Amino acid sequence: MDSRLRFLLHKSLALQQTKQVHAQLLINRHNHLEPILLHQTLHFTKDFSRDVVSYIKRILKGFQSSKVSTFSWGCLVRFSSQHRKFKEALGLYIEMNNSGVPPSSHAVTSALRACGKVESLIDGNSVHAQVVKSGLCGCVYVQTGLVGLYSRLGYIQMAKKAFDEIGEKKNTVSWNSLLHGYLESGELEEARRVFDKIPEKDVVSWNLIISSYAKRGDMSNARALFLAMPLKSSASWNILIGGYVNCDEMELARTYFDAMPQKNSVSWITMISGYTKSGDVVSAEELFRQMSKKDKLVYDAMVACYAQNGKPEDALKLFSQMLESNSGVQPDEITLSSVVSASSQLGDTSFGTWVESYITQHGIQIDDLLSTSLIDLYMKGGEFDKAFKLFNDLHKKDTVSYSAMIMGCGINGLATEANRFFQEMIEKKILPNQVTFTGLLSAYSHSGHVQDGYKCFDSMKVHNVEPSADHYGVMVDMLGRAGRLEEAYELIKSMPMQPNAGVWGALLLASGLHNNVEFGEIACRHCVELESDHSGYLSHLANIYTSVGRWDDARSVRAKMEEKRLRKTLGCSWVEGSNH
DNA sequence: GCCTCGTTCC
């Protein structure tokens with residue numbers, strides 16, 4: 001093998017290049033990739049793609065020697081695991097077993113890590129059993145992997161047992177895995193004792209304990225340890241920043257982010273997703289623009305930011321940029337779930353069909369999260385058959401997927417079906433949340449079942465869900481549609497929190513429906529106080545005046561609208577003018 | 001071995 005080829009292999013970062021190099025190898029009458037080069041190729045392949053995996057698998061099929069197969073399958077499983085594709089890694093491990101290839105230590109440790117990450121004790125136990133059978137349990141890495149598995153799953157006694165079995169060979173990674181176990185099971189004092197006993201604490205030992213405090217929201221302890229640690233890695237900074245993000249302390253998060261010497265992609269994503277949760281799209285955008293080398297996850301974070309903050313057009317725009325940029329970023333089920341959510345907000349069902357064909361064309365695995373967003377899309381668009389099929393095929397139905405079904409029924413006025421899903425989730429002990437009740441209430445509202453609506457509203461406390469202003473809004477909408485405006489107004493006055501524009505808007509809408517000037521005026525006054533854009537509300541009020549023949553009042557409201565519109569336009573042009 | 005991304009509502 002000449003040195004230039006070797007160099008190319010080392011540098012091959014994408015599948016296309018891998019294929020080209022492989023083609024050259026074939027020309028040079030190497031009929032397969034040498035396993036060691038396969039290992040190196042995968043090591044340098046930055047992006048995980050199912051294309052690479054299926055390509056490598058094809059090569060593997062050609063291997064005859066069992067030693068070579070064991071080694072190469074190990075590389076592949078590890079490749080998947082290292083790219084955080086844990087389900088795929090497990091799938092590959094099982095496939096490897098089914099082909100009769102004995103596992104290597106690489107394959108086993110990666111599989112154990114994957115089991116821990118997807119929190120599957122069943123798979124973990126069978127890998128453990130295999131470890132014992134194949135005689136790999138003398139290997140420190142494998143034993144440490146077992147400690148890590150049981151630690152992550154919260155079986156601290158099992159973890160301790162596996163740890164003790166390592167004996168003298170234990171290293172810092174083994175200690176850290178045990179520390180992780182005590183932290184994960186909440187035994188902080190024991191964790192502290194383990195931490196103090198670690199003979200050579202490394203940066204991960206510190207990071208684990210800091211991360212534990214940060215997850216609990218104990219930022220003063222997290223920060224104290226962060227400042228005390230001798231050497232900080234990027235992960236240390238990211239943990240601290242992430243901790244502040246979780247506590248909604250975006251200013252503090254930003255302070256440490258700005259102070260961080262070498263920000264990596266994780267740092268940027270942590271900040272962007274923090275701004276996403278706090279609804280600060282402008283700051284998220286600003287960071288996104290500043291990033292020089294954007295990877296797929298950063299795009300994902302920004303698309304999600306738009307989708308979650310009511311900017312579906314921007315989400316789709318960025319998604320198409322992502323496709324066009326030719327930077328090798330391939331959207332996957334994570335990207336698509338945000339994209340589907342965005343199209344659902346736009347009410348564009350046709351997009352679902354596009355996504356489904358994209359999924360089949362690119363061999364993307366449709367997981368429960370992507371299914372859930374498709375369910376939401378199809379339910380809203382009235383394509384119940386498709387939604388039901390996806391819902392039935394879910395691996396695990398949860399609060400979110402049930403809520404998507406109930407909400408879809410609600411929007412389409414299918415009160416009976418909404419209630420059926422609700423009863424079903426209660427039977428399965430899946431806890432309803434605020435969204436579930438919004439869906440249920442709107443089902444009763446749209447179908448005019450006032451009595452059931454009241455019952456449902458009252459039952460929220462039983463299910464430990466505090467009614468929000470939005471729930472009151474749906475109730476007002478329901479009573480208003482039924483013509484019970486007085487009752488709706490009384491409900492608003494009884495609200496424990498400040499009524500928002502949605503609540504008053506519902507009353508205004510109902511007043512319009514029943515040509516009621518009295519409540520229309522009250523509702524409109526509050527809406528105007530709460531929202532900056534008045535034109536919609538005022539025009540509603542004007543229509544109410546018109547419908548009862550109060551032309552003069554209608555005219556004066558319209559005049560007020562016109563005046564505001566003009567003042568706004570003039571204001572804007574003056575501001576713009578001052579920029580020049 | 002530690003840190004980052006996604007689904008339901010407005």
Side-chain angles (χ1 to χ4, degrees), chain A residues 84 109 112-113 116 141 144-145 147-149 151-152 171-181 183 202-212 214-215 233-243 245 263-274 276 279 295-305 307-310 331-342 344-345 367-377 379-380 394 398-408 410-411 432-439 441-442 468-471 473-474 500-502 505:
Chain A
R84 310 180 64 86
T109 46
L112 287 173
R113 183 168 122 95
Y141 298 104
T144 300
V147 178
L149 170 77
S151 284
R152 187 171 275 279
N171 55 32
T172 304
V173 179
S174 323
W175 278 103
N176 287 345
S177 300
L178 185 71
L179 172 65
H180 190 177
L183 291 169
D202 65 0
V203 66
V204 175
S205 322
W206 286 89
N207 285 350
L208 278 168
I209 206 154
I210 293 172
S211 168
S212 161
K215 271 188 199 135
S233 67
S234 301
S236 324
W237 288 88
N238 291 338
I239 289 164
L240 198 73
I241 294 169
V245 164
K263 307 176 204 2
N264 62 12
S265 170
V266 176
S267 330
W268 294 86
I269 293 168
T270 306
M271 287 304 293
I272 291 176
S273 60
T276 299
D295 62 15
K296 183 191 154 297
L297 287 171
V298 178
Y299 272 100
D300 281 354
M302 199 59 222
V303 172
C305 177
Q308 283 172 39
N309 284 288
D332 62 5
E333 67 275 7
I334 293 176
T335 325
L336 290 176
S337 51
S338 291
V339 168
V340 169
S341 161
S344 169
Q345 290 170 47
D367 66 0
D368 281 2
L369 244 57
L370 178 52
S371 284
T372 304
S373 47
L374 281 167
I375 288 167
D376 164 65
L377 176 78
M379 280 304 287
K380 285 201 186 122
L394 284 175
D398 62 0
T399 303
V400 178
S401 48
Y402 266 105
S403 300
M405 290 303 280
I406 292 170
M407 183 62 71
I411 287 165
N433 65 10
Q434 298 211 330
V435 183
T436 322
F437 279 103
T438 307
L441 287 174
S442 64
S468 70
D470 289 342
H471 296 108
V474 183
N500 60 23

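The sequence lines fix the lettering, A, B, ..., with proteins before strands; numbering per chain opens at 1. Not measured: the values here are computed from a predicted model.
Per the geometry, CG belonging to A/Asn207 stands 5 Å off C1' belonging to B/dC2, to the nearest Å. Between the C1' atom of B/dT8 and the OH atom of A/Tyr402 lies a distance of 14 Å, rounded to the nearest Å. Here B/dT4 presents its C1' atom at 7 Å from CZ of A/Arg84, a figure rounded to the nearest Å. Rounded to a whole Å, the CE atom of A/Met302 is 12 Å from the P atom of B/dG6. Atoms CD (A/Gln434) and C1' (B/dT8) sit 12 Å apart, rounded to a whole Å. Distance A/Arg113 CZ to B/dC3 P: 10 Å, rounded to the nearest Å. Distance, A/Ile269 CD1 to B/dC5 C1': 6 Å, rounded to whole Å. Distance CD (A/Gln345) to C1' (B/dT7): 12 Å, rounded to an integer number of Å.
Taking side-chain N and O atoms only, A/Gln308 has a distance below 4.0 Å to OP1 or OP2 of B/dT7. Residue A/Lys215 places at least one side-chain N or O under 4.0 Å from the OP1 or OP2 atom of B/dC3. In this structure, A/Ser341 reaches the B/dT8 phosphate: one of its side-chain N or O atoms is under 4.0 Å from OP1 or OP2.
As judged by a 4.0 angstrom heavy-atom cut-off over every strand, A/Asp368 is placed among residues making no nucleic acid contact. Residue contacts for A/Asp376: at a heavy-atom cut-off of 4.0 Å it reaches the sugar-phosphate backbone alone, with no base atom in range. Within 4.0 Å of A/Ser177, counting heavy atoms only, lies no atom of the nucleic acid at all. Nucleic acid contact class of A/Ser338 (heavy atoms, under 4.0 Å, all strands): sugar-phosphate only.
Side chain of A/Ser212 to main chain of A/Leu208: no donor-acceptor pair is present (N/O by atom type, distance under 3.5 Å, no hydrogens or angles). Judged purely by atom type and a 3.5 angstrom limit, A/Asn264 uses its side chain to pair as donor or acceptor with the backbone of A/Ser267.
The side chain of A/Leu297 sits closest to B/dC5 out of B/dC2, B/dT7, B/dC5. When distances are taken from the side chain of A/Val204 to each of B/dG1, B/dC3, B/dC10, the shortest belongs to B/dG1. Proximity note for A/Asn238 (side chain, C-beta onward) versus B/dT4, B/dT7, B/dC3: the nearest is B/dC3. Among the nucleotides B/dT8, B/dC2, B/dG6, the one closest to the side chain of A/Ser403 is B/dT8. Each of B/dG1, B/dC5, B/dC2 was ranked by its minimum atom distance to the side chain of A/Ile334; first place goes to B/dC5. In the set B/dC3, B/dT4, B/dG6, the nucleotide with an atom closest to the side chain of A/Ser337 is B/dG6.
For the residue pair A/Asp202 / A/Asn176, a side-chain donor-acceptor distance below 3.5 Å is found, with atom types taken as modelled. Side-chain atoms of A/His180 and A/Ser177 include no donor-acceptor pair closer than 3.5 Å.
Take A/Phe437 and apply the ring-ring contact (aromatic ring centres under 6.0 Å, His included) test, not counting sequence neighbours, and it matches A/Phe422, A/His463. Partners of A/Ser234 according to the side chain to side chain donor-acceptor pair (under 3.5 Å) rule, which considers only residues two or more places apart in sequence or in another chain, do not exist here.
A donor and an acceptor atom never sit less than 3.5 Å apart when one is taken from the side chain of A/Asp332 and the other from the base of B/dG6. Residue side chain A/Asp367 reaches the base of B/dG6 through a donor-acceptor N/O pair under 3.5 Å, judged by distance alone.
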